[in-house]
Amino acid sequence: MSPCRVCSHPIREFFDFERQPLSSAFPRPGELDQEYFFRLAVGMCESCTLVQLIDAVPPERAHHQGYPYHSAASSVMCKHFEQTARRFLETELTGADPFVVEIGANDGVMLRTCGDAGVRHLAVEPSGATGVRAHRAFFDVDAATRIRDTDGAADVVYAANTICGVTDLRPIFEGLDVLLAPDGVFVFEDPYLGEIIERTSFDQIYDEHVFFFTVRAVGALATRYGFELVDIERLPVHGGQIRYTIARPGRRAPSPAVADALRTEQARGLAELVTLERFAARVQRIRDDLVALLHELRAGGARIVGYGATAKSSTMANYCGIGPNLIPFVCDTTPAKQGRLTPGSHIPVRPVEAFADPYPDFALLFAWNHAEEIMAKERAFREAGGQWILYVPQVHIV
Ligand code: JHZ
Ligand code: ZN
């Protein structure tokens with residue numbers, strides 16, 4: 001059994017997706033022999049209950065060039081990050097000369113909103129590609145020390161969809177200890193295990209998501225590294241996340257939301273292996289139903305295309321064995337994905353203009369987390385008689 005990445009106790013495996021590619025490495029048609037695969041399996045730590053991947057991709061493989069994800073591709077996500085910034089401006093960045101840092105800032109929407117309000121800000125992002133001032137490094141003690149020496153202590157350190165992919169969390173917390181002001185907060189948001197189980201959204205499990213947090217596990221994690229979990233908030237984005245607020249111990253009264261969530265998690269058995277085993281059975285059911293539906297529709301002569309070449313759908317397509325034989329192409333707005341193939345499953349990615357040229361009979365919504373936004377934008381597809389296929393929380397046609 002592998003040891004837990006946080007407390008070193010054994011991890012109990014509850015699902016094995018077997019051989020999977022890097023979810024964001026879209027090969028060109030001539031590059032298929034260069035694809036990297038690893039065993040994607042998940043388990044729960046016997047002691048601290050943190051759910052995590054059994055094997056992780058080595059860092060030199062994981063951080064391949066030209067990372068193609070842009071959070072600003074979704075107007076809902078842009079609004080989300082602007083609102084996050086406004087909240088910080090109202091509640092945390094209220095001192096004389098506040099300073100906000102974001103780890104892994106992607107398109108920089110949150111920081112730019114703070115910057116527009118005149119607040120000092122910095123992205124800590126190895127690629128530097130954020131459109132805002134950036135310290136090009138991974139966040140650790142060294143980066144934190146350099147930043148503090150130049151800019152002073154931070155009132156807020158924020159990270160969205162980043163911490164769950166950091167295999168070694170210790171350097172993050174050591175860096176926070178250096179950089180955070182005495183009353184500063186570390187706020188991060190990631191997919192919530194409770195929601196993944198509730199929706200059977202198994203495709204949240206892929207190489208870039210190493211940890212699947214619960215309030216209980218994050219509370220234990222914070223304590224272990226000398227901090228305290230003081231608040232949580234559920235977020236509707238990306239299929240259901242939690243935003244955790246962590247402070248230095250004793251500096252803030254924990255909000256009742258933390259104790260409430262702990263009680264709910266206990267009642268739902270989120271720290272029990274049997275809950276995860278039941279989840280595993282539902283995942284297999286979704287695969288069987290989806291594969292059967294696609295074969296049936298194809299046999300009836302229907303044309304089906306994919307919509308949104310997400311990282312998530314890499315797990316879905318590879319686990320279900322869905323390739324270009326069932327889905328001839330998937331459309332996506334990201335130029336860096338277009339003209340390439342989906343990782344492992346090798347479905348061609350085409351610009352969204354291909355969607356209406358002509359409309360297919362069915363669209364398999366890979367980007368189900370953006371369903372509202374995409375269905376509103378593609379209203380004409382339904383008006384033309386098209387139907388959406390979703391596979392979360394179960395296979396259904398809309
Ligand atoms: P989306 C990535 O996951 C990877 P993915 C990462 N690990 C993570 O956690 C999340 O992001 C946050 C396209 N699209 O957001 C754009 C359209 O074509 O579900 C994207 O390629 N039309 C960091 O990839 C994809 O769909 C649209 O209207 O699972 C959406 O990817 C919209 C809204 C999106 O994240
Ligand atoms: Zn553990």
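Everything numeric in this text was worked out from a predicted model, so none of it was measured. When a ligand or atom number is given, it counts from 1 through the structure's own listing order.
With no hydrogens or angles considered, no side-chain donor-acceptor pair links S201 and E195 at under 3.5 Å. Donor-acceptor pairing under 3.5 Å is lacking for the side chains of T223 and E228. Under the 3.5 Å distance criterion, with hydrogens and angles disregarded, no donor-acceptor pair is assigned to the side chains of H80 and Q241. Checked by atom type, the side-chain pair S255/D231 shows a donor-acceptor distance below 3.5 Å. A side-chain N or O of R243 and one of T84 form a donor-acceptor pair less than 3.5 Å apart. Of the N and O atoms on the side chains of S75 and E373, at least one donor lies less than 3.5 Å from an acceptor on the other residue. Side-chain polar atoms of Q20 and Y319 form no donor-acceptor pair below 3.5 angstrom.
Of all protein heavy atoms, the one closest to atom 27 (C) of ligand 1 is K377 NZ, 3.4 Å. For atom 35 (O) of ligand 1, the closest non-hydrogen atom of the protein is Y69 CE1, 3.3 Å. In terms of protein heavy atoms, atom 3 (O) of ligand 1 is closest to Y206 OH, 3.3 Å. Nearest protein neighbour of atom 23 (C) of ligand 1, counting heavy atoms only, is Y67 OH, 3.3 Å. Distance from atom 7 (N) of ligand 1 to its nearest protein heavy atom, with residue and atom name: E208 OE1, 2.7 Å. The protein non-hydrogen atom at the shortest distance from atom 17 (C) of ligand 1 is T333 OG1, 3.4 Å. Scanning the protein heavy atoms around atom 19 (O) of ligand 1, the nearest turns out to be K312 NZ, 2.7 Å. What sits closest to atom 31 (O) of ligand 1 on the protein, heavy atoms only, is T310 CG2, 3.5 Å.
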Check against ring pair (Phe, Tyr, Trp, His ring centres under 6.0 Å), F362 and W388: CA-CA 6 Å; F362 293 90; W388 293 99; over 10 Å; no

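Heavy atoms of I374 found under 4.0 angstrom from ligand 1 belong exclusively to the side chain. Of the heavy atoms in H238, only side-chain atoms (C-beta onward) come closer than 4.0 Å to ligand 1.
In this structure, F188 and F213 have perpendicular ring planes: the angle between them is above 60°, well past the 30° mark.
The residues D149 and R146 are annotated as not salt-bridged, no charged nitrogen and carboxylate oxygen being separated by less than 4.0 angstrom.
Interface of N369 with ligand 1, defined as ligand atoms under 4.0 Å from a residue heavy atom, comprises 1 (P), 15 (O), 19 (O). In summary, the atoms of ligand 1 found under 4.0 Å from a heavy atom of A311, numbered by their order in the structure, are 3 (O), 5 (P), 24 (O), 29 (O). Interface atoms of ligand 1 facing K337, defined by a heavy-atom separation under 4.0 Å, are 20 (C), 21 (O). Of all atoms in ligand 1, numbered sequentially from 1 with element shown, those under 4.0 Å from a heavy atom of G308 are 26 (O). For ligand 1, the atoms closer than 4.0 angstrom to any heavy atom of S74 are 33 (C).
Rounded to 10 degrees, the SG-metal-SG angle spanning C48 and C45 at the Zn ion (ligand 2) equals 110°. An angle of 110° is found at the Zn ion (ligand 2) between C7 atom SG and C4 atom SG, rounded to 10°.
Around atom 21 (O) of ligand 1, the closest heavy atom drawn from V237, D332, V330 belongs to D332. The residue among H370, Q241, E189, H70 with a heavy atom at the shortest distance from atom 33 (C) of ligand 1 is H370.
Taking backbone and side-chain atoms together, H9 has no N/O/S atom less than 2.8 Å away from the Zn ion (ligand 2).
Between the side chain of D97 and the backbone N or O of R120 there is no donor-acceptor pair closer than 3.5 Å.
Heavy atoms of M77 stay at 4.0 angstrom or farther from ligand 1.
With side-chain heavy atoms closer than 4.5 Å counting as contact, directly or through intermediates, the hydrophobic cluster containing M77 also holds F81, F88, L89, L93, V100, V109, M110, L111, V119, V132, V156, Y158, V185, V187, L235, V237.
For residues 326-336, the side-chain hydrogen bond (donor to acceptor under 3.5 Å, both in side chains) pairs, not counting sequence neighbours, are D332-T334.
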